[in-house]
Number of protein chains: 2
Amino acid sequence: MAIPRAAKTQRRTRIQEEKEEQILEAALDVFSVSGFRGSTIDQIAEVAGMSKPNLLYYFRTKEAMHRALIDRVLDTWLEPLRAFDADGNPESEIRSYIRRKLEMARDFPRESRLFANEMLQGAPHVEDELKGPLKELVDEKAEVIRSWAKAGKIAKCDPYHLIFSIWSTTQHYADFDVQVRAVLGQEHAGAGRFEDAARFLEQLFIDGLKVKCVPNAS
Amino acid sequence: MAIPRAAKTQRRTRIQEEKEEQILEAALDVFSVSGFRGSTIDQIAEVAGMSKPNLLYYFRTKEAMHRALIDRVLDTWLEPLRAFDADGNPESEIRSYIRRKLEMARDFPRESRLFANEMLQGAPHVEDELKGPLKELVDEKAEVIRSWAKAGKIAKCDPYHLIFSIWSTTQHYADFDVQVRAVLGQEHAGAGRFEDAARFLEQLFIDGLKVKCVPNAS
DNA sequence: CGATAATTTGACCGATTGGTAAACATTACA
DNA sequence: TGTAATGTTTACCAATCGGTCAAATTATCG
C-alpha cells in the first residue's frame, strides 16, 4: 500500500526529493503565468513530464502544490529586505537593495510573477504571511529608515511608501516584462535594460532622498 | 430569428446598450481578479445577474467579452499619459501626472488589475496594442522628457525608465492593494494612504529629477 | 391589436476540470 | 534474493467548462 508523502519512515527518499523538486519547478512555470485558478494540474504534469496521478501522489491537491511552492519561494523573496542593514550607511544600503531586487527581477521573474498573481487575486493563500511576518519585517526596516531621516542622513520621508516604491519599480521589470520589451522596442529591450534600469533607479532614489546633499550628521 | 449583436438595423437597441454595459461591468469584476484563464462565463453571468446563454447572446465567446472589455478600458487608461504636455513646465506636469495616475489607481483599481493580469500572462491579447499605439505614445512623451533634460530643466535621465517607474509606483497601490493594506496595518491603511503616497512620490520624483535645483534655463 | 424582430431561458453537448481506485512496476533493505 | 514499502500508470468519476439549440418570452412598431 502506498501512503502519499512521507510514509512510515518519516524521512524523505531520494526519489521524493527529486520528484517534488521537479514538480514545484513545473508548478512555478505554470502558476506564475496563469495564477492559481487559471492553472491546471494537467498543464503542470505535462511540463513536469509525468502523469497527473503521479503528481497527485506527491501533492494531494492543487492547493497543496501551490502552498508548498509559495512557502518555498517566500523566504528567498524576502532575503534582500532582510539584508537591509541598519548599521550600514544609507547610500550603499539603498543602492545595494535596489540592485539586489533588480537582480532578482532579472534572475527569478517567475517567482515575482507568482506573488504578483497572488496579490492580484487578493492574496487568498498568503494573507496571514502578509499581516504577520512580512509586516513585522517591514516595520523593523521602516524604523531603520526613519532613524536615518531623524539623524539627517536622508530627507524626511514616509519609510513605508519608500519601500513600496522600491518594490514596485524593481518588480515591474519582471511582472510587466512584455510591456517593457514592447515599449523599449527591439533595439533597447536586450539584456542591457536591467543595467539602464539600475542606473536610473539608483539616481532617482539617491537624489530623491537627498542622501548626499545632507551634511554629515553627528 | 434572432441575430446576435447588431441585427438587421445596424443601430444598437437601448436594451443592447444597457445589457452590454451590465455584462462588461461584471466581466471587469471577474477578469480583473482571476485573469482570462481563471475566469468563467458562469461567474460573470452570476455577477451580471443573467443567464449564461444570455451573456453569449451579446458576446459570442469569452474571448469576445474580454476583447471588448480591454478595448473599452485601454483608452481611458492611457488618458493621463496623453495629457502629459510638452509645453507645460516639468514640475507641474510630472506632479499632475503622478496625481492623476494615483487617482486612477484609487478610483479604477479593477481596470489596473485587468491590465496587470494581462501583462503577467504575457499579453496574449494585447501585444499588438503594446507594440503599436502604446509604444508610439510613450516614444512621443519620452522625447518631451528628453528635451527637458537637454534644456537643463530636469536632470539627465532615461525617459523610458522614468515613465516605467511612475507607472509601477502608482499602479502598485491598485494591483498590490492587499499587500499595502496588510503592511500598513489597520491604522494607516485607510483612505489617507493615497494622500501619503502622493506626497511621497511627488517628493521622490521632483527631488530625484532635481527639477527645482537647476537654475532656470534660457 | 397583430406580427415581426429582439431577447431570454432550460436543456443539453462534448471537452476539460480536480481527484480517485486499483492494478502494476520499481526500489530499498534485511 | 525475497518481500514489503514505495512509486507509477491506466481507467475512471462527478463536476464544471465553453458553447449550442430550440422553444418561450418580451419589446417594437405599423
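Just so it is clear: chains get the letters A, B, ... in the order the sequence lines come, proteins before strands, and each one is counted from 1.
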Grab the [atom1]-[atom2] distance between [X] and [N] for me, whole Å please.
X     : N      : atom1 : atom2 : value
B:E17 : D:dT28 : CD    : P     : 13 Å
B:R60 : D:dG19 : CZ    : P     : 12 Å
A:L55 : C:dT20 : CG    : C1'   : 15 Å
B:M50 : D:dT26 : CE    : P     : 16 Å

Distance check: side-chain N/O of [X] vs OP1/OP2 of [N], anything under 4.0 Å?
X     : N     : answer
B:S51 : C:dT8 : no
B:Y58 : C:dT8 : yes
B:Q16 : C:dA6 : no
A:Y57 : D:dG7 : yes

Might you point out which heavy atoms bring B:H125 and B:R67 nearest each other, and give the distance in Å? O-NH1, 2.9 Å

Quick one: label A:K52 by what it contacts on the DNA or RNA (base, sugar-phosphate, nothing), any heavy atom closer than 4.0 Å. base

Classify the nucleic acid contact of B:T40 as base, sugar-phosphate or nothing, counting any heavy atom under 4.0 Å across all strands shown. sugar-phosphate

Both A:N54 and A:R37 contact DNA chain D. Taking the nearest nucleotide for each, which residue is further toward the 5' end? A:N54

Which nucleotide in [options] has an atom nearest any side-chain atom of [X]:
X     : options                : value
B:D42 : D:dC17, D:dT20, C:dG19 : D:dC17
B:P53 : D:dA11, C:dA11, D:dT8  : C:dA11
B:I41 : C:dT8, D:dG19, C:dT20  : D:dG19

Is [Y] close to [X] at the side-chain level, that is, under 4.5 Å between some pair of heavy atoms?
X      : Y      : result
A:L209 : A:C157 : yes
B:L120 : A:V33  : no
B:L184 : A:K135 : no

For B:Y160, all residues meeting ring-ring contact (aromatic ring centres under 6.0 Å, His included), sequence neighbours excluded: none

